[in-house]
J.: 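One structure is given below, represented as structure tokens, and several questions about it will come after.
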2 protein chains.
Amino acid sequence: MSSRESSRPVHVRRHSWALTRMRGAGHRNTRPRALVLGVLARADGHLTAEAVHQRATASGSLNPSTVYRALALFERLQIVHTLVIGGRVTYGLADHPHAHTVCDTCARVTALPEGELGDLAGLVRRNLVGFVPAGIIIRGRCATCPPPRHA
Amino acid sequence: MSSRESSRPVHVRRHSWALTRMRGAGHRNTRPRALVLGVLARADGHLTAEAVHQRATASGSLNPSTVYRALALFERLQIVHTLVIGGRVTYGLADHPHAHTVCDTCARVTALPEGELGDLAGLVRRNLVGFVPAGIIIRGRCATCPPPRHA
DNA sequence: CTCTCTGCAAATCGTTTGCAGGGTT
DNA sequence: AACCCTGCAAACGATTTGCAGAGAG
């Protein structure tokens with residue numbers, strides 16, 4: 001959170017990365033879309049559409065359905081990718097490839113930076129000929145969660 | 001499909017594995033539950049709740065809500081695992097650990113038997129201390145799908 | 001016999017959609 | 001000016017839930 005590693009804060013760079021991609025595909029830079037991207041660029045982790053809407057609302061009003069439409073567009077353009085956490089669809093900026101761990105118990109999500117797992121993506125590419133990996137999700141139980149009681 | 005590798009067909013063994021687990025947790029072996037397990041035991045791949053209901057109906061009537069309740073129970077007991085494919089929740093028997101590839105374009109799912117990816121689970125366990133992996137999902141684009149056109 | 005489980009039907013709620021006006025290029 | 005995008009409100013559809021009766025142990 002020191003935010004002085006570069007002249008441009010990280011979230012600004014992520015935001016403009018997404019913006020460039022969107023504009024490059026011929027889509028307009030509107031206020032609602034900018035609000036959504038701003039939220040996603042600042043989020044460290046994945047957010048539900050509802051959470052995106054709530055946070056975006058703090059900076060200006062916009063309609064939930066517009067959030068859904070924006071997110072659907074961004075997903076199609078591969079600006080965001082989705083992840084289901086605790087039964088809810090969540091969205092996160094797809095600006096750098098990474099794997100996620102998702103705890104089945106507490107629903108906590110951890111992003112694993114590249115290299116954290118050796119070269120997992122490379123392993124996949126090497127073994128699955130023709131398959132282009134876009135994301136890796138590891139479900140399980142995180143260290144701090146108690147094992148599920150057999151009810 | 002030769003189905004004579006053992007005296008007990010595979011689906012029977014899978015079914016009774018699940019049954020044992022369910023009974024062991026103190027739940028009753030009812031006809032609807034048996035129907036659902038029968039479907040899952042025979043399925044090679046993941047099915048939506050709706051598909052489970054349709055197939056189960058072929059062997060006897062049961063209510064959709066009962067299917068949902070059964071699947072929720074099985075998930076809680078870790079008898080089944082869920083996977084979101086093309087925006088729909090799908091269910092599969094969790095009798096042996098394996099990874100899945102999910103194609104973002106055609107929604108096709110491929111189960112990777114253990115060992116297919118080297119020891120992916122072992123790699124995860126080694127690098128994520130304390131995290132107990134229960135499943136690995138690799139999203140991406142399969143060899144037969146065209147790359148998404150930038151719309 | 002007791003307590004769980006099921007069927008039924010209504011309620012829920014995240015998400016989608018049609019349409020007319022507004023904003024971006 | 002042309003066309004894309006948004007707000008609004010209604011529609012949608014998968015999943016959940018309350019309740020009374022049926023069935024498993």
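Below, chain A is the first sequence line, B the second, and so on; all start at residue 1. Everything quoted here is computed from the prediction, not taken from an experiment.
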J.: Starting from P on D:dA24, measure out to CZ on B:Arg31 and report it in whole angstrom.
T.: 10 Å
J.: Compare every heavy atom of B:Ile138 with every heavy atom of A:Pro133, then report the nearest pair and how far apart it is.
T.: CB-CG2, 4.2 Å
J.: Are A:Thr30 and D:dC5 close enough that a side-chain N or O sits under 4.0 Å from OP1 or OP2?
T.: no
J.: What is the distance, to the nearest angstrom, from the CZ atom on A:Arg28 to the P atom on C:dT24?
T.: 9 Å
J.: Using whole Å, report how far CG of B:Leu47 lies from C1' of D:dA14.
T.: 16 Å
J.: Whether the side chain of A:His53 engages the backbone of A:Tyr68 through a donor-acceptor N/O pair (distance < 3.5 Å, no angle test) should be reported.
T.: no
J.: Within the structure, does a side-chain N or O atom of B:Arg33 lie under 4.0 Å from either OP1 or OP2 of C:dC5?
T.: yes
J.: How many whole angstroms separate atom CG of B:Leu62 from atom P of C:dC8?
T.: 10 Å
J.: Over how many whole Å does the gap from A:Glu75 atom CD to C:dT15 atom P extend?
T.: 12 Å
J.: How long is the line joining NE2 of B:His53 and C1' of C:dC8, in whole Å?
T.: 12 Å
J.: Rounded off to whole Å, could you give me the CG-to-C1' distance for the B:Asn63 and D:dT15 pair?
T.: 12 Å
J.: Compare side-chain N and O positions of A:Tyr68 against OP1 and OP2 of C:dT16 and report whether any pair is under 4.0 Å apart.
T.: no
J.: Please step through side-chain hydrogen bond (donor to acceptor under 3.5 Å, both in side chains) for the pair A:His100 and A:His46, ending with a clear verdict.
T.: CA-CA 10 Å; A:His100 291 102; A:His46 282 233; 3.2 Å; yes
J.: Would the base of D:dC5 count as contacting A:Arg69 through its side chain, where contact means a donor and an acceptor less than 3.5 Å apart?
T.: no
J.: How about B:Leu47 and B:Val39: do any of their side-chain heavy atoms sit closer than 4.5 Å?
T.: yes
J.: Flag the pair B:Thr48 / B:Val89 as yes when at least one side-chain heavy-atom distance between them is below 4.5 Å, and no otherwise.
T.: no
J.: Give the nucleotide from the list C:dG14, C:dG7, D:dG25 with an atom nearest to the side chain of A:Arg88.
T.: C:dG14
J.: Rounding to a whole Å, what distance do you find between B:Arg76:CZ and C:dT4:C1'?
T.: 13 Å
J.: Report yes if a donor N or O on one partner sits less than 3.5 Å from an acceptor N or O on the other, where the partners are the side chain of B:Arg23 and the base of D:dG25; otherwise report no.
T.: no
J.: Under 4.0 Å between a side-chain N or O of B:His27 and OP1 or OP2 of C:dT4?
T.: no
J.: Please compare B:Asn29 and A:Pro32 by the position of their nearest nucleotide in DNA chain D and report the one closer to 5'.
T.: A:Pro32
J.: Would you please confirm or rule out a distance under 4.0 Å between OP1 or OP2 of C:dC8 and any side-chain N or O of B:Ser65?
T.: no
